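Below: the structure, in structure tokens.
Keep in mind it's a predicted model, so treat the numbers as computed, not measured.
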Amino acid sequence: MRFAVECMMKKKEKKKLKKKDKIRAPSAVEDQAGIRDLKQRIKRLEAELKHCKNTIEALRHQVKDGKTEKNKKRKPRNSAVKSLRAQQSTTVAVAQRNAWKRHRYLRDRYDFHLDNRHDKPSARDLADKDLRQEYGEDAGFSKQELEHILS
């Protein structure tokens, strides 16, 4: 009896080992359509990989050719850009900052003249006169602009 039990256990163990050794296909691949889809996907990915390799090689050649051309001759830079930058005495940020300083100064002088009991039109004119003295004649405003700014 003991011998029969050992034989039975051995058979059960053998079955378990066989089941473990078998490679089961996932449920998505069990049918032929799934296998065909996977094969097509593999082909697409291989084609994409080949395209990427070709692109990398082309870029390597461009870099190699670019280095030799750079050493042979340098391209002149765009002279129009250089001349435009030379014409600009200040950048936009600097110009805006200066305009804001002038506007603040004009507003302060206008408030100062109003506090000294001048009427609004004369306070505007006096503030503009102070602005022109402080920042130059180009910094002044017309009467309409003053009226609009200092209303």
Side-chain angles (χ1 to χ4, degrees), residues 12-151:
K12 288 181 183 177
E13 289 175 9
K14 288 180 181 178
K15 285 183 182 179
K16 286 181 183 177
L17 288 174
K18 286 183 180 178
K19 285 182 181 179
K20 287 181 183 177
D21 289 342
K22 283 186 179 178
I23 299 174
R24 290 188 176 182
S27 60
V29 187
E30 287 180 358
D31 59 345
Q32 293 296 325
I35 293 171
R36 192 177 332 112
D37 290 341
L38 287 176
K39 286 181 180 180
Q40 288 175 353
R41 186 172 177 202
I42 289 170
K43 285 181 183 179
R44 266 185 281 149
L45 290 173
E46 286 174 345
E48 186 178 340
L49 181 63
K50 186 177 180 181
H51 176 71
C52 289
K53 286 181 180 179
N54 291 339
T55 304
I56 289 171
E57 284 300 315
L59 291 172
R60 282 184 182 158
H61 287 296
Q62 285 179 359
V63 169
K64 186 184 269 186
D65 294 342
K67 285 181 181 177
T68 57
E69 284 181 18
K70 257 187 192 176
N71 292 338
K72 289 181 182 177
K73 63 176 182 178
R74 290 189 167 235
K75 295 180 182 178
R77 296 205 176 186
N78 193 350
S79 60
V81 173
K82 284 184 179 180
S83 64
L84 181 62
R85 285 188 182 155
Q87 288 174 358
Q88 292 177 337
S89 60
T90 59
T91 63
V92 174
V94 173
Q96 287 179 344
R97 190 178 321 122
N98 290 338
W100 183 247
K101 284 181 182 178
R102 288 192 313 264
H103 176 76
R104 215 175 359 181
Y105 182 79
L106 178 69
R107 176 59 84 177
D108 289 342
R109 296 309 298 169
Y110 176 69
D111 290 338
F112 173 77
H113 291 299
L114 282 178
D115 290 341
N116 287 333
R117 301 191 182 175
H118 291 280
D119 59 337
K120 288 184 179 184
S122 64
R124 286 185 198 124
D125 291 338
L126 290 171
D128 186 51
K129 183 179 177 185
D130 293 341
L131 180 72
R132 288 175 191 263
Q133 285 177 351
E134 184 70 23
Y135 288 98
E137 284 297 315
D138 296 338
F141 295 100
S142 68
K143 292 207 184 272
Q144 288 179 331
E145 289 173 329
L146 285 172
E147 193 174 325
H148 179 70
I149 295 169
L150 301 172
S151 57

Answer yes when Asp128 and Arg132 have at least one side-chain N-carboxylate O distance shorter than 4.0 Å, and no when they do not. yes
State the CG-CG distance between Leu131 and Asp108, to the nearest 0.5 angstrom. 11.0 Å
Is the number of heavy atoms from other residues, nucleotides or ligands within 6.0 Å of CD (Gln40) greater than 12? yes
Rounded to the nearest 0.5 Å, what separation is found between the OG atom of Ser142 and the NE2 atom of His148? 11.0 Å
On the ring face of Phe112, is Arg109 found with NZ or CZ under 6.0 Å from the centre and within 45° of the axis? yes
Arg124 and Leu150 have their tightest heavy-atom pair at NE-O, 3.6 Å
From Leu106 atom CG to Asp111 atom CG, the distance as rounded to the nearest 0.5 Å: 9.5 Å
So does Arg117 have more than 12 non-hydrogen atoms from other groups sitting under 6.0 Å from CZ? no
In this structure, which one of Asp125, Asp130, Asp119 forms a side chain to side chain donor-acceptor pair (under 3.5 Å) with His113? Asp130
Note: Tyr110 and Ala127 closest approach over all heavy atoms is N-CB, 3.6 Å
Could you tell me the separation between the CD atom of Glu147 and the NZ atom of Lys120, rounded to the nearest 0.5 Å? 10.5 Å
Is there any side-chain hydrogen bond (donor to acceptor under 3.5 Å, both in side chains) pair reaching into residues 43-60, and which pairs are they, with sequence neighbours excluded? Glu57-Arg60
